[in-house]
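Notes to accompany the following structure.
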Amino acid sequence: MDTVACIKRVPDTGAKLTLTDDEQEIDTSHLGFTISPHEECAVEEAIQVADDHDGTATVVSLGPADAEEQLRTGLAMTADEATLLETDGEEWRPRETAAALADALSGDAGTDPAFDLLLFGNESADVANHQVGVRVAERLDVPFVAGVSDLTIEDGTAVAERDVTGGTEVYELDLPAAVGVKEGLNTPRYASMRAKMQARKQSIERQNPVAGEFDGAIEKVRLEAPESTEGAAEVLGEGPDAVPAVLDLLRDDLEVI
Amino acid sequence: MILSLVEHAGGSPEESSLEALTLARELATATDAALEAVAFGTEATALGEELGEYGVETVHCVADERLDTYAPEAWAESVAQLLDATDPEAVVAPGTDRGQEVLAHVGAKCDLPMAANCLDVEVGEVYELSRQRWGGSLVEHARLDSNPKLLTAAAHEFSPETAIATAETTVQPFEPTLDESAFRVSVDRVEESDETGVSLGEARVVVGGGRGVGGPEDYDKLETLADSLGGTVGASRAAVNEGWRPHDDQIGQTGTKISPDLYVACGISGAVQHMVGCKGADNVLAINTDPEAAIMQKADYAVVGDLHEVVPELNDALGDGG
């Protein structure tokens, strides 16, 4: 059973997000990059399912040449193959991204898609458009469920669970199928140093998709870091001596006791 | 006409859908257009009265028995056919798992762009809107140029408000042609959670623990505090990654978003990823040894100190009081 996990290179943010002067991007001059958290779980699941069902796990990323770093992370986690759909580094919109991914994953003409199970993160950490997975699935005519928190493969069926208030919805999808997964699905493995070294030598397939043209569009104008309410907290005290002040706060101001 | 997608439980609209409806009514008012809704399942026919209070003039009710269980592609196919039949200017869905998923399917089926998690929308030939990025820690200003325009309303960003004048609502059956294939994805069954107590997302008080807690056993102190305050315990991504707490307890961009009256953040540094998850908290009390930690800037109240000393002392005091 062959699996594919789609991943995106995103900045590894810390305590503060700073924008570039033109307000078009996050200032990444002091930041590293990573795979979106939901997608780390997609990669882990792709590897586990391929291992358990005697198949191949592939990681695919559409992004700049530097996204090779994230694909190598996937390989170091022991994915078997990696494909980079290399762009010029501009931010591709969901329809363009989905069309290019679907082209790359459509398999040979007239046959089934090039996977049994296709995994996306529920949404990317940065842009969070919540739609690339659905659009790829629609293009490839495979079933799709978003928000997946648990996944089991049984006899050609993917049993996917989604958390809802007070319980869990269970979906059964005939394979080939696609899912959008959420962090918590599994615990992504840490790649060993040896695996990282090996991953550096593995070949990565490269394609150069051309962005499709679509009617209508959503266009980014600029980004804004919302006014923070920062003004420093009111310090109630230091150490256990602050407890009487905390009690006053809980009782008189917040009325929680 | 502005069309709003309404999710409901047994004929009673979901809070998130009322939020989306509030945004949809803003658009309708600004363009002097009618506000209409679409809802699914046989029980949707009961929505008329309550949606009237929100200014909905027509509820397009897809009362197909097969839609009594959720089926995203069938919902989307129905909406796509309704777009052909009614030609709305915009479709607004709630920023929920279902809302995002269904509207994305509509976007794919009708080859339309979609703006997810909108915060503010200026109407016009082209919509000038703002939407959440990075789980809400950044705002994107964007132009949405399509016909119709597909939008989801960011969760917890709109307070459901009834209309000034209640509308006379017509519940109108809509009967799309739905092939069996549209039902290939549907909820097979719902397993109810056997967990008791308040859920993290709905708790009025949350006590969160981060890396500063130091290990799984020290969450006992936080549990005791949460119990005294009638709340529940959460954790930062760092603590979950350490394996100290299950992912279900994670507060943040890729965990649960909380909106309690009080959030007590213990030994949490205040990374962006975490803070977007507790943005909805009315009050944040941070307990942290580091007065320079980001959380100390973002909290309303702070105790500079070691949670391992402060929390037990607080527990003792609350125990005496109770």
Side-chain angles (χ1 to χ4, degrees), chain A residues 13-17 37-38 93 95 125-131 134-135 138-139 143-147 162 166-174 182-184 214-226 228 230 232-240 242-243 246-247 249 254 256-257, chain B residues 97 100-101 104-105 107-109 111-117 132-135 137-147 184-185 187-193 205 229 247 253-254 261-262 269-273 283 286 294 296-305 309-310 313-314 317-318:
Chain A
T13 59
K16 201 169 191 314
L17 292 173
H38 294 317
R93 289 171 292 201
R95 283 191 292 175
D126 56 350
V127 184
N129 281 312
H130 286 268
Q131 53 193 276
V134 172
R135 290 182 187 274
E138 284 265 0
R139 281 181 169 268
F144 179 88
V145 174
R162 168 149 106 192
T168 306
E169 291 175 342
V170 185
Y171 296 82
E172 295 189 355
L173 311 177
D174 290 338
K182 283 191 174 173
E183 193 179 50
F214 296 94
D215 287 340
I218 178 163
E219 277 177 50
K220 175 176 71 181
V221 176
R222 66 184 176 89
L223 301 181
E224 179 189 350
S228 62
E230 292 182 19
E234 178 187 332
V235 177
L236 301 174
E238 294 191 11
V243 166
V246 174
L247 290 173
L249 173 77
L254 306 181
V256 291
I257 54 172
Chain B
D97 279 344
Q100 315 276 24
E101 180 177 69
H105 275 293
K109 288 175 193 301
D111 193 19
L112 293 167
M114 159 183 146
N117 292 328
Q132 291 178 331
R133 284 195 178 201
W134 287 101
S137 40
L138 277 190
V139 173
E140 172 187 359
H141 296 272
R143 293 161 54 83
L144 179 62
D145 181 7
S146 68
N147 184 30
R184 64 179 169 176
V185 180
V187 176
D188 184 71
R189 57 192 181 275
V190 177
E191 291 173 358
E192 281 177 28
S193 167
V205 176
L229 300 175
H247 183 269
Q253 188 177 343
T254 51
D261 298 332
L262 171 64
S269 64
V272 168
Q273 191 310 327
N283 295 282
M296 298 304 224
Q297 307 302 312
K298 294 166 178 171
D300 302 294
Y301 307 96
V303 173
V304 181
E309 296 170 9
V310 177
E313 184 83 10
L314 193 52
L318 287 166

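All values below come from the heavy atoms of this structure, side chains included, with hydrogens, waters and symmetry mates left out. In what follows, chains carry the letters A, B, and so on, assigned in the order in which the sequence lines appear, proteins first and then strands, with residues in each chain numbered from 1.
Heavy atoms closer than 4.5 Å to chain B are found in the side chain of A:Lys182, but not in its backbone. Neither the backbone nor the side chain of B:Asn147 comes within less than 4.5 Å of any heavy atom in chain A. Within the 4.5 angstrom heavy-atom criterion, atoms from both the backbone and the side chain of A:Leu223 approach chain B. Contact of A:Thr168 with chain B is made through backbone and side chain together, with heavy-atom distances under 4.5 Å. Residue A:Arg95 touches chain B through its side chain alone, counting heavy-atom pairs closer than 4.5 Å. Residue contact with chain A, scored on non-hydrogen atoms closer than 4.5 Å, involves the backbone of B:Asp300 exclusively. Heavy atoms closer than 4.5 Å to chain B are found in the side chain of A:Glu138, but not in its backbone. In this structure, the portions of B:His141 lying under 4.5 Å from any heavy atom of chain A include both its backbone and its side chain.
Ranked by heavy-atom pairs under 4.5 Å with chain B, the first of A:Leu17, A:Ile257, A:Val256 is A:Leu17.
Residues passing the side-chain contact (heavy atoms from CB on, under 4.5 Å) test with A:Ala146, sequence neighbours excluded: A:Asn122, A:Phe144, A:Arg162, B:Glu101. Partners of B:Arg143 according to the salt bridge (charged side-chain N to carboxylate O under 4.0 Å, His left out) rule, which considers only residues two or more places apart in sequence or in another chain, are B:Glu128.
In this structure a side-chain-to-backbone donor-acceptor pair under 3.5 Å is present from B:Gln253 to A:Ala125. The backbone N or O of B:Met114 lies less than 3.5 Å from a partner atom in the side chain of A:Gln131, making a donor-acceptor pair.
Between B:Val303 and A:Val235, every side-chain heavy-atom pair lies at or beyond the 4.5 Å cut-off. For the pair B:Asp261/A:Leu254, no side-chain contact is recorded, criterion being any heavy-atom separation below 4.5 Å from C-beta on.
Electrostatic pairing of B:Asp111 and A:Arg135 does not count as a salt bridge here, judged by no charged N lying under 4.0 Å from a carboxylate O. We find that A:Glu172 and B:Arg189 are joined by a salt bridge, their nearest charged nitrogen and carboxylate oxygen being less than 4.0 Å apart.
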